[in-house]
Trainee: 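Submitted below is the structure of interest, expressed as structure tokens.
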Amino acid sequence: MALKRIIPCLLLRDGGLVKTRKFKDSTYIGDPINAVKIFNEKEVDELIFLDIDATKEGKEPPYDLIYDIATECFMPFCYGGGVKNVDQVRKLISSGAEKIAINSAAFYNPQFIKDAVAVFGSSTIVVSIDYKKNIFGKSYVYVNGGKKSTKKEPLEYAKEMEALGAGELLINSIERDGIMGGYDVNLIRKISDAVSIPVIASGGAGCINDFKKAFQEGKASAVTAGSFFVFQGKKKGVLISYPGAEEIKEIISK
């Protein structure tokens with residue numbers, strides 16, 4: 001069985017780190033290189049960086065920043081944001097990213113997933129799936145930074161992405177983003193049961209117990225969080241943290 005992972009997810013905007021709520025209301029957090037240095041000291045196993053404006057603004061991924069992060073980073077990391085062709089994946093890997101998260105392009109051009117997997121292998125390609133519920137309580141996948149509905153249901157879409165060759169799925173609840181009220185464990189479990197590739201739970205972590213629920217009840221292979229790792233206290237002061245070794249043992253134990 002693959003080792004369960006607890007992964008900080010850091011959002012990039014104009015070269016800096018931000019945190020959002022429901023994909024809106026971004027708060028500046030600090031410099032990504034400084035954050036990487038702190039996570040190095042805390043011996044984090046893996047990081048995820050997502051450029052939240054690259055797709056919406058039609059920008060190229062920030063290759064120079066990715067190179068700077070890779071130069072400083074002791075752990076493997078995944079990059080996502082604005083990735084829509086094989087050449088960009090190649091440049092990002094050359095810049096130091098180990099995994100590439102693909103979101104909007106997976107919907108608009110599914111063949112791209114097949115092509116990327118053929119060149120770089122499924123272990124390199126992560127499909128990021130953002131979703132939210134409509135007024136009737138039905139969940140749909142959204143692209144373009146959470147702005148456009150695909151009219152596809154997350155469970156069926158996840159199966160489609162696995163069939164295309166994706167090596168991992170990052171399942172992110174837009175409505176729970178930054179709220180720190182817990183993961184959508186029910187949907188995570190349904191997707192985990194339906195696919196054979198690793199599922200990363202994202203959106204809503206507010207406490208250690210949320211991680212445990214995602215692993216135990218949601219059957220997630222990994223969990224990721226942003227606010228939990230960068231905000232502290234009721235006033236949400238910026239202070240980067242990560243569970244210690246004993247806490248991690250408790251989280252991942254059955």
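Remember, predicted model here, so these are calculated numbers, not experimental data.
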Trainee: Evaluate whether atom OH of Y63 has more than 12 neighbouring non-hydrogen atoms of other residues, nucleotides or ligands under 6.0 angstrom away.
Mentor: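 It does: Y63 OH has more than 12 such atoms within range.
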Trainee: Please report the closest heavy-atom contact between Q88 and K84, naming both atoms and the distance.
Mentor: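 Heavy atoms of Q88 and K84 come nearest at OE1-N, 2.6 Å.
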Trainee: Is it the case that atom NZ in K56 sees more than 12 heavy atoms from other parts of the structure closer than 6.0 Å?
Mentor: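 Above 12, so yes.
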Trainee: Under a 4.0 Å N-O cut-off, is there an ion pair linking K190 with E153?
Mentor: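 Judged by the 4.0 Å cut-off on N to carboxylate O distance, K190 and E153 do not form a salt bridge.
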Trainee: How far apart are the C-alpha atoms of E246 and K249, what are their side-chain angles, what is the distance that settles it, and do they pass the salt bridge (charged side-chain N to carboxylate O under 4.0 Å, His left out) test?
Mentor: CA-CA 5 Å; E246 290 304 313; K249 283 183 182 178; 3.8 Å; yes
Trainee: Given the rule in the side chain to side chain contact (heavy atoms under 4.5 Å, CB included) test, do I38 and F229 qualify, once you have shown the distances and angles that lead to the verdict?
Mentor: CA-CA 11 Å; I38 295 171; F229 295 124; over 6 Å; no
Trainee: Is E160 close to P110 at the side-chain level, that is, under 4.5 Å between some pair of heavy atoms?
Mentor: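 Side-chain contact under 4.5 Å: no.
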Trainee: Any non-hydrogen side-chain atom of D115 less than 4.5 Å from a side-chain atom of V119?
Mentor: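 The answer is no, as the side chains (C-beta and beyond) never meet within the 4.5 Å cut-off.
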Trainee: If hydrophobic clusters are built from ILVMFWY residues whose side chains come within less than 4.5 Å, do Y140 and Y157 share one?
Mentor: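 Result: no, two separate clusters.
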Trainee: Should the heavy atoms of other residues, nucleotides or ligands under 6.0 Å from NZ of K213 be counted, would the total exceed 12?
Mentor: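 No, because the 6.0 Å sphere around NZ of K213 holds 12 heavy atoms or fewer from other groups.
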Trainee: More than 12 heavy atoms of other residues, nucleotides or ligands under 6.0 Å from CG of N134: yes or no?
Mentor: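 More than 12 heavy atoms, drawn from other residues, nucleotides or ligands, come within 6.0 Å of this atom.
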Trainee: Does atom CD (E60) have a neighbourhood of more than 12 heavy atoms from anything else shown, all under 6.0 Å?
Mentor: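 Yes, enclosed.
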Trainee: Against L12, only a single residue in L65, D53, I52 fulfils side chain to side chain contact (heavy atoms under 4.5 Å, CB included); can you say which?
Mentor: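 With L12 as partner, L65, D53, I52 yield a single side chain to side chain contact (heavy atoms under 4.5 Å, CB included), made by L65.
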Trainee: Could you pull out the closest heavy-atom pair between I129 and A158, with the gap in Å?
Mentor: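 Closest heavy-atom pair between I129 and A158: CD1-CA, 3.9 Å.
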Trainee: Relative to each other, are the rings of F211 and Y183 parallel, tilted or perpendicular (30° and 60° limits)?
Mentor: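 If you compare the ring of F211 with that of Y183, the planes turn out tilted.
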Trainee: Please test F231 against I29 for side chain to side chain contact (heavy atoms under 4.5 Å, CB included), starting from the C-alpha separation and ending with a verdict.
Mentor: CA-CA 9 Å; F231 292 136; I29 300 299; 3.6 Å; yes
Trainee: Can you check whether F112 reaches L164 side chain to side chain, under 4.5 Å on heavy atoms?
Mentor: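 Not touching, per the 4.5 Å side-chain cut-off.
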Trainee: Going by heavy atoms in the side chains, are R21 and I179 under 4.5 Å from each other?
Mentor: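 R21 reaches I179 side chain to side chain.
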Trainee: Testing the basics here: between Y131 and P154, what is the closest heavy-atom pair and its distance to 0.1 Å?
Mentor: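 Answer, listing the atom of Y131 first, then P154: CB-CG, 3.8 Å.
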Trainee: Would you find more than 12 non-hydrogen atoms of other residues, nucleotides or ligands less than 6.0 Å from K148 atom NZ?
Mentor: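 Result for NZ/K148: open.
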Trainee: For residues 127-137, which residue pairs qualify under salt bridge (charged side-chain N to carboxylate O under 4.0 Å, His left out), counting only residues two or more places apart or in two chains?
Mentor: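 Checked against salt bridge (charged side-chain N to carboxylate O under 4.0 Å, His left out) - neighbours excluded - no pair reaches residues 127-137.
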Trainee: Got more than 12 heavy atoms from elsewhere within 6.0 Å of OH, Y108?
Mentor: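 Count over threshold, so yes.
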Trainee: For a quick test of reading the model, state the closest non-hydrogen atom pair linking A205 to F228 and the distance between them.
Mentor: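 Looking at all heavy atoms of both residues, the closest pair is O-CB, 3.8 Å.
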Trainee: With side chain to side chain contact (heavy atoms under 4.5 Å, CB included) as the criterion, how do T124 and I93 come out once you've worked through the C-alpha distance, each side chain's angles and the decisive distance to 0.1 Å?
Mentor: CA-CA 9 Å; T124 302; I93 292 173; 3.7 Å; yes
Trainee: Any salt bridge between K159 and E156, counting N to O under 4.0 Å?
Mentor: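 Salt bridge present between K159 and E156.
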Trainee: I'd like to check L50 versus C9 (side-chain heavy atoms, cut-off strictly below 4.5 Å). Are they in contact?
Mentor: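 A side-chain contact under 4.5 Å exists here.
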Trainee: Taking all non-hydrogen atoms of both residues into account, name the closest pair between S104 and V143 and its distance.
Mentor: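 Nearest heavy atoms, S104 then V143: OG-CB, 3.5 Å.
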Trainee: For residues F120 and R90, determine if any side-chain heavy atom of one lies less than 4.5 Å from a side-chain heavy atom of the other.
Mentor: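 When only atoms from C-beta onward are counted, R90 and F120 do touch, with a gap below 4.5 Å.
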Trainee: S122 and G165: which non-hydrogen atoms are nearest, and at how many Å?
Mentor: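 The pair with the smallest heavy-atom distance is CB-O, 3.1 Å.
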Trainee: Side-chain contact test, heavy atoms from C-beta onward, threshold under 4.5 Å: evaluate it for P198 versus R5 and give yes or no.
Mentor: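 Yes; the side chains approach each other to less than 4.5 Å.
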Trainee: If we ignore hydrogens and angles and just use 3.5 Å, is the side chain of Q216 paired with the main-chain N or O of S253 as donor and acceptor?
Mentor: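 Flag set: sc Q216 to bb S253 pair under 3.5 Å.
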Trainee: Report yes if some heavy atom in the side chain of C78 is under 4.5 Å from a heavy atom in the side chain of F49; otherwise report no.
Mentor: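 No, side chains not in contact.
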Trainee: Step by step, would you call E46 with F77 a side chain to side chain contact (heavy atoms under 4.5 Å, CB included)?
Mentor: CA-CA 5 Å; E46 189 174 342; F77 67 90; 5.9 Å; no
Trainee: Check whether I6 and L169 end up in the same hydrophobic cluster, where Ile, Leu, Val, Met, Phe, Trp and Tyr are linked by side-chain heavy atoms less than 4.5 Å apart.
Mentor: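 Per the 4.5 Å side-chain linkage, I6 and L169 are co-clustered.
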